Structures are given as structure tokens and as C-alpha cells.
Amino acid sequence: MNPKVDHDLCIGCGVCSDVCPEVFEMGDDGLAHVKADANCEAAGCCQEAADQCPTEAISL
């Protein structure tokens, strides 16, 4: 599972990085990004982050 963040939808609220910091981080541009070494299966929190995203910017 490789999550993606749609930067046209992301508002930079930080919910995903709070819920799943192993996979998501906030970039210098103020938007969420998937970490280069992200592993959704190991982290186990990607679906929760996607579910809590207020703009549905995360796809799995």
C-alpha cells in the first residue's frame, strides 16, 4: 500500500502527521507529504489518517 497526498486538496492541517507520523510529515511548503521510507503495512495507521483527513486528500 503506497499512500498518496493530493496537494491540490491538502490544506496542511497536520492531522495525518499527528495520527500517523511514521508515514506522513509536514513539508516546508506547509502541506503533508509521504515520507520516503514510509511503510503503511508496518505502521498500521494509514487508513486512520486517510479517514480523518478533512479534505479526503489521502488515497491508499
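Keep in mind the model is a prediction, meaning the values are calculated, not measured. Atom set for the values below is all heavy atoms of this structure, side chains included, hydrogens, waters and symmetry mates excluded.
Residue Met26 holds its CE atom at 6.5 Å from CG of Leu31, rounded to the nearest 0.5 Å. Taking CG of Asp51 as the reference point, atom CD of Glu56 lies at 9.5 Å (rounded to 0.5 Å). Remark: Lys35 NZ to Ser17 OG distance equals 9.0 Å, nearest 0.5 Å.
What you find for Gln47 and Leu60 is that their closest heavy atoms are OE1-CD1, 3.1 Å. The two residues Ile58 and Ala49 have their closest heavy-atom pair at CD1-O, 3.8 Å. The nearest pair of heavy atoms linking Val19 to Gln52 is CG2-OE1, 3.6 Å. The two residues Leu9 and Thr55 come nearest to each other via the heavy atoms O-OG1, 3.0 Å.
Partners of Asp18 according to the side chain to side chain donor-acceptor pair (under 3.5 Å) rule, which considers only residues two or more places apart in sequence or in another chain, do not exist here.
Between Cys40 and Pro3, some side-chain heavy-atom pair lies under the 4.5 Å cut-off.
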Checklist entry - Where do Asp6 and Ser59 land on the side chain to side chain contact (heavy atoms under 4.5 Å, CB included) test, with the steps shown first? => result CA-CA 8 Å; Asp6 184 334; Ser59 59; over 6 Å; no
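Identified under the ring pair (Phe, Tyr, Trp, His ring centres under 6.0 Å) test for residues 18-58, with sequence neighbours left out: His7-His33.
Side-chain heavy atoms closer than 4.5 Å link hydrophobic residues (I, L, V, M, F, W, Y) into clusters, and following such links, even through other members, never connects Val15 to Ile11.
Taken as a pair, Cys46 and Cys20 fail the criterion of an SG-SG distance shorter than 2.5 angstrom.
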